[in-house]
Amino acid sequence: MKTEIPLSSPDISDLERELVMQVLDSGRLSIGPMVERFEQMVAQRVGTRHAVAVSSGTAGLQVILAGLGIGPGDEVVTTPFSFIASSNVIVHAGATPVFVDVCPTSLNMDPKLVEAAITPRTRAILAVEALGSPTHMDALARLAAKHEIPLIEDSCEALGTTHRGRGCGSFGRAGVFGFYPNKQITTGEGGMVVTDDERLADACRSLRNQGRATDRAGTANNKVGAWLEHERFGFNFRLSELAAALGVAQMTRLDELIERRQHVASAYIARLSGIRELVLPTVDPDTFMSWFVFVVRLSTDYIGEERDRVIQGLRMHEVGSAAYFPCIHLQKPYREKYGFREGMFPVAESAGRRALALPFFAKLGEREVDLVAQTLELMIRREDISRG
Ligand SMILES: Cc1ncc(COP(=O)(O)O)c(C=O)c1O
């Protein structure tokens with residue numbers, strides 16, 4: 001019998017099944033009322049005037065960059081400590097990612113370094129709420145305003161988190177959420193752009209829909225032939241009605257899901273604190289945390305292969321684990337295209353070498369948390385022994 005504890009697992013209830021069936025029975029599988037309902041729910045929750053559903057978090061970032069007209073010759077200041085998509089979209093836009101190092105605690109970009117990296121060619125700051133942490137977003141928003149450039153907030157990992165009462169996704173000119181199955185809520189694949197900027201929202205609606213002129217409902221206007229008239233170079237980044245039905249159900253359950261995830265995070269913290277080889281995640285007092293993953297770091301004594309051996313050991317014991325995140329600038333295409341190498345962003349690199357994600361999802365039980373913690377402790381002790 002398989003006893004593996006996976007790294008993540010979606011939480012699907014009867015409500016999701018019911019709403020998906022409703023869409024199937026309606027016969028309207030794309031561009032319909034479920035997408036609009038999902039958009040309204042997210043906008044209301046985050047506190048923005050507009051929300052535009054798209055087919056993934058990556059697609060959301062792409063339509064924002066395109067909507068802001070960012071392209072060749074432009075620089076976008078961003079973080080090397082993230083999932084690779086946050087930088088790939090800059091490269092795909094034809095612009096240049098300018099990396100700056102992160103703060104050792106929050107693992108988000110250090111605002112001082114961001115300011116130092118701004119040049120006359122900087123067209124945006126693309127900030128990521130790494131592992132769901134909103135630290136420095138308010139400072140980065142002020143910095144962007146001072147330099148009259150937009151802050152693009154990659155909130156793919158931060159749905160439901162608030163900082164001083166303000167929702168992640170609402171700090172920048174536009175924010176993006178991702179709904180891959182490991183996220184706080186899932187639509188299978190999917191994403192959502194949120195913004196107060198009506199022109200940008202309209203541009204994103206058009207860009208997701210092949211560059212069609214769109215009304216606020218996301219459908220083509222009523223003019224004869226309008227469906228095959230295109231105003232700009234767009235994409236097909238539409239979210240299906242089926243995916244939106246999942247989204248509506250998951251948004252309805254968001255508070256319940258956040259609460260369960262908080263419970264799991266607290267159980268991990270209680271169980272793992274006191275292990276001196278581990279650095280546990282911390283939440284600053286002004287933040288209400290909607291946990292995305294549970295990532296621990298080995299202490300700075302362990303900068304070699306130890307972390308990878310611990311991950312392998314956990315997996316051998318059927319406990320899911322992964323390295324979160326290998327730095328973007330050290331990934332092959334970035335090394336090859338831009339000549340990045342080790343040592344350029346030491347804080348991000350050190351975190352990237354020592355961090356590992358543990359199984360984390362709403363239904364993870366305390367017994368499983370205990371088993372994961374025991375196995376992790378065992379793997380760490382094994383490292384100590386093999387070091388002598
Ligand atoms: C920080 C960050 N940005 C962007 C993305 C891309 O989202 P998606 O996988 O929905 O395209 C992710 C998803 O994992 C992410 O974590």
Side-chain angles (χ1 to χ4, degrees), residues 7-10 38 42 51-66 76-93 97 99-100 102 106-109 124-137 140 151-161 168-169 171-172 174-194 204 207-208 235-240 243-244 246-247 250 261 281 289-295 320 322-329 331 334 348 351-352 355 357 360-361:
L7 201 49
S8 71
S9 172
F38 185 32
V42 175
V52 181
V54 285
S55 52
S56 69
T58 310
L61 290 168
Q62 271 184 282
V63 292
I64 293 172
L65 288 172
V76 178
V77 179
T78 195
T79 172
F81 188 78
S82 172
F83 179 61
I84 197 166
S86 59
S87 295
N88 282 354
V89 292
I90 300 169
V91 180
H92 283 306
F99 292 118
V100 300
V102 297
S106 67
L107 303 178
N108 285 343
M109 282 193 291
I125 298 169
L126 196 162
V128 178
E129 275 135 2
L131 313 174
S133 162
T135 308
H136 306 314
M137 280 311 133
L140 292 173
L151 171 67
I152 301 168
E153 199 182 338
D154 180 340
S155 304
C156 281
E157 304 176 356
L159 180 71
T161 292
C168 281
F171 287 92
V176 181
F177 298 104
F179 306 129
Y180 185 73
N182 64 348
K183 299 294 192 297
Q184 288 89 340
I185 69 162
T186 185
T187 57
E189 298 285 354
M192 188 76 74
V193 173
V194 286
C204 291
L207 284 159
R208 77 168 169 192
F235 309 90
N236 177 1
F237 287 160
R238 295 185 302 262
L239 189 74
S240 79
L246 275 174
Q250 294 259 287
R261 293 169 82 100
M289 188 72 169
S290 165
W291 290 85
F292 160 53
V293 280
F294 197 83
V295 168
Y324 265 49
F325 288 106
C327 283
I328 298 175
H329 67 286
Q331 303 271 356
Y334 286 84
F360 190 72
F361 46 93

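When a ligand or atom number is given, it counts from 1 through the structure's own listing order. Since the structure is predicted, the reported quantities are computational estimates derived from the model, not experimental observations.
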Exercise. Is any N or O atom of T58, backbone or side chain, closer than 3.5 Å to an N or O atom of ligand 1?
Worked result: yes
Problem set entry | K183 touching ligand 1 at heavy-atom level, < 4.0 angstrom | yes
Exercise. In terms of residue, atom name and distance, what is the protein heavy atom nearest to atom 1 (C) of ligand 1?
Worked result: E157 OE2, 3.3 Å
Exercise. Do G57 and ligand 1 have an N or O pair less than 3.5 Å apart?
Worked result: yes
Exercise. Which bit of V128 is near ligand 1, meaning a heavy atom under 4.0 Å away: side chain, backbone, both or neither?
Worked result: side chain
Problem set entry | Pair E189-S56, side-chain donor/acceptor within less than 3.5 Å | no
Exercise. Is the backbone N or O of A243 less than 3.5 Å from a side-chain atom of S240, with the two atoms forming a donor-acceptor pair by type?
Worked result: yes
Exercise. Is the shortest distance from a heavy atom of S82 to ligand 1 less than 4.0 Å?
Worked result: yes
For this session: Ignoring hydrogens and angles, tell me if any N or O in the side chain of R238 forms a donor-acceptor pair with the backbone of R208 under 3.5 Å.
Result: no
For this session: Please state which part of S56 comes within less than 4.0 Å of ligand 1, counting heavy atoms only: side chain, backbone, both or neither.
Result: both
Exercise. Side chains of V176 and C156: does their closest heavy-atom pair fall under 4.5 Å?
Worked result: yes
For this session: Determine whether K183 and F177 make a side-chain contact, defined as any pair of heavy atoms from C-beta on separated by less than 4.5 Å.
Result: no
Exercise. Any donor-acceptor pair under 3.5 Å linking the side chain of S86 with the backbone of F83?
Worked result: yes
Exercise. In terms of heavy-atom contacts, does CZ of F235 have more than 12 from other residues, nucleotides or ligands at under 6.0 Å?
Worked result: yes
Seminar exercise, completed: The closest protein heavy-atom partner of atom 12 (C) of ligand 1 is F83 CD2, 3.5 Å
Problem set entry | Proximal atoms of ligand 1 relative to D154 (non-hydrogen, under 4.0 Å) | 1 (C), 2 (C), 3 (N), 4 (C)
